[in-house]
Chemist: 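Following this message is one structure expressed as structure tokens.
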Number of protein chains: 2
Amino acid sequence: MTDAEGTAARPQTLPGTLTFQLVTLGAIATDRFTEALAPLGLKPKHAGLMTVVSRGLAASQLEAAAAMGVVPSLVVSLADHLVKLGAIERVRDPRDRRRQVLTLTRQGRRLLEQCAAAARSVDDELAAALPAEQRAAFARSLSDLAGRAGLPTA
Amino acid sequence: MTDAEGTAARPQTLPGTLTFQLVTLGAIATDRFTEALAPLGLKPKHAGLMTVVSRGLAASQLEAAAAMGVVPSLVVSLADHLVKLGAIERVRDPRDRRRQVLTLTRQGRRLLEQCAAAARSVDDELAAALPAEQRAAFARSLSDLAGRAGLPTA
DNA sequence: TATTGTTATACTCTATAACTATA
DNA sequence: TATAGTTATAGAGTATAACAATA
């Protein structure tokens, strides 16, 4: 880490930091995504749980909680809701009857695709300002950072 | 908007959207920034209010609420706390005694600089993965988007 | 005894509504 | 009567803690 780009005297102001901008833009994106999901009867964390399940990142609820960076009791209520909507199935693992194995139903896959469509439409609003090329580069950087950061899923 | 980059059939999956990534990364950035501010006795919204005041975006509390995208009653409690820390002064506008004019004190400017330092250290954690050039491009894109999006400040 | 899931409870953040004072 | 600010209250979201079932 050199003096030129390192931690030494660097008069960068708060609104200029990545952190500040991620905090503010993240809040805006969360608000808009929440609105876009509302007609589906879902919140962002529901979409997060469906994603985790669909990607095979978590069969059990405990694994899902770990993958999402939330507490297991929250997964219970998220899963309750998704079961009510017919989006996931919860079956006891016959090998270890303490575990609840979560799987996405056909309806769940349909819902998840609708979540993705909602996110895409928010993308188009948010990124309307960026030319396609810059937008693609931005997406790559976001992916890089998200991949590194421990990535709780929503 | 052409078919190639437009809203037509485009099988982009939820975790691949900017929206999803901004939601998740924004949550991570908010968590880390909150931790980094804790030793200063501040929350991100306090830093947001100080920023708004220091930039002259809001003299009165009502203007501050509008600039931050929050409700006026929240500004009251944020300002209460900042007054208690000696970071801002609240004086009645002599021209209209209903208005409370907020100004940053010297101590407030010092605190705000400490907030910026905290954000920079979170930046270094988060963006350690990105080469300097890519990081700079990412910052530019973030600024562009934040500038357009209505920009509630924290 | 340890672990998975669940339920009951509490806490944090922020909004809404009612109120005060000034205009 | 309308507006800036304040106070009181309520709601959403999520965590912590106590508990039940299974290992």
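Proteins get letters first, then strands, A, B, ... in listed order; numbering begins at 1 in each.
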Chemist: How many Å lie between NE2 on His81(B) and P on dT12(C), as a whole number?
Modeler: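 Taking atom P of dT12(C) as the reference, NE2 of His81(B) is at 14 Å.
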Chemist: Salt bridge or not between Glu113(A) and Arg120(A)? Use side-chain N to carboxylate O under 4.0 Å.
Modeler: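 Arg120(A) and Glu113(A): salt-bridged.
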Chemist: Side chain of Val70(B), heavy atoms from C-beta onward: which of dA15(D), dA15(C), dG5(D) has the nearest atom to it?
Modeler: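 Minimum distance to the Val70(B) side chain belongs to dA15(C).
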Chemist: Could you pull out all residues at least two apart from Asp31(A) that satisfy side chain to side chain donor-acceptor pair (under 3.5 Å)?
Modeler: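 For Asp31(A) there are no side chain to side chain donor-acceptor pair (under 3.5 Å) partners, ignoring immediate neighbours.
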Chemist: Atom CG of Asp31(B) and atom P of dG13(D): how far apart are they, to the nearest Å?
Modeler: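 To the nearest whole Å, that distance equals 17 Å.
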Chemist: Please, which pairs that meet ring-ring contact (aromatic ring centres under 6.0 Å, His included) have at least one residue in residues 28-79 of chain B, sequence neighbours excluded?
Modeler: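 Matches after skipping sequence neighbours: His46(B)-His81(B).
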Chemist: Please report, rounded to the nearest Å, how far the C1' atom of dT6(C) is from the CG atom of Leu102(A).
Modeler: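 About 14 Å, once rounded to whole Å.
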Chemist: Quick one: what's the B/S/- string for nucleotides 16-23 of chain C, heavy-atom cutoff under 4.0 Å, read 5' to 3'?
Modeler: B-----BS
Chemist: Please state how far atom CZ in Arg99(B) lies from atom C1' in dA2(D), giving the value in whole angstrom units.
Modeler: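 My rounded result for the distance is 15 Å.
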Chemist: Under the side chain to side chain contact (heavy atoms under 4.5 Å, CB included) test, which residues partner Glu35(B), sequence neighbours left out?
Modeler: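 Testing Glu35(B) for side chain to side chain contact (heavy atoms under 4.5 Å, CB included), a comparison that skips the adjacent residues, returns none.
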Chemist: Could you state the atom-to-atom distance from CG of Asp80(B) to C1' of dG5(D) in whole Å?
Modeler: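 Result: 11 Å.
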Chemist: Base, sugar-phosphate, or nothing for Ser77(A), non-hydrogen atoms under 4.0 angstrom?
Modeler: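 Touches nothing.
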Chemist: May I ask you to evaluate whether Lys43(A) reaches the phosphate of dG13(D), defined as a side-chain N or O under 4.0 Å from OP1 or OP2?
Modeler: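 For Lys43(A), the contact criterion (side-chain N or O under 4.0 Å from OP1 or OP2 of dG13(D)) is met.
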Chemist: Could you check how far CG of Leu62(B) sits from C1' of dA4(D), rounded to whole Å?
Modeler: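 Rounding to the nearest Å, CG of Leu62(B) and C1' of dA4(D) are 6 Å apart.
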Chemist: Could Arg135(B) and Asp124(B) be called an ion pair, given the rule that one side-chain N must be under 4.0 Å from one carboxylate O?
Modeler: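 The answer is yes: the pair qualifies as a salt bridge.
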Chemist: Expressed in angstrom and rounded to an integer, what is the separation of Gln100(B) atom CD from dT7(D) atom C1'?
Modeler: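 Value for this atom pair: 14 Å.
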Chemist: Could you tell me the separation between the CG atom of Leu78(B) and the P atom of dT6(D), rounded to a whole number of Å?
Modeler: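 Computing the Leu78(B):CG to dT6(D):P distance gives 12 Å.
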Chemist: Which pairs, with at least one residue in residues 52-67 of chain B and sequence neighbours excluded, count as a salt bridge (charged side-chain N to carboxylate O under 4.0 Å, His left out)?
Modeler: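 The answer is Glu63(B)-Arg99(B).
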Chemist: I need the full list of salt bridge (charged side-chain N to carboxylate O under 4.0 Å, His left out) pairs touching residues 68-88 of chain A, with sequence neighbours left out, sorted by first then second residue.
Modeler: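 Salt bridge (charged side-chain N to carboxylate O under 4.0 Å, His left out) check on residues 68-88 of chain A returns Asp80(A)-Arg90(A).
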Chemist: Do the side-chain N or O atoms of Arg90(B) get closer than 4.0 angstrom to the phosphate oxygens (OP1, OP2) of dA4(D)?
Modeler: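 The answer is no; no side-chain N or O of Arg90(B) sits under 4.0 Å from OP1 or OP2.
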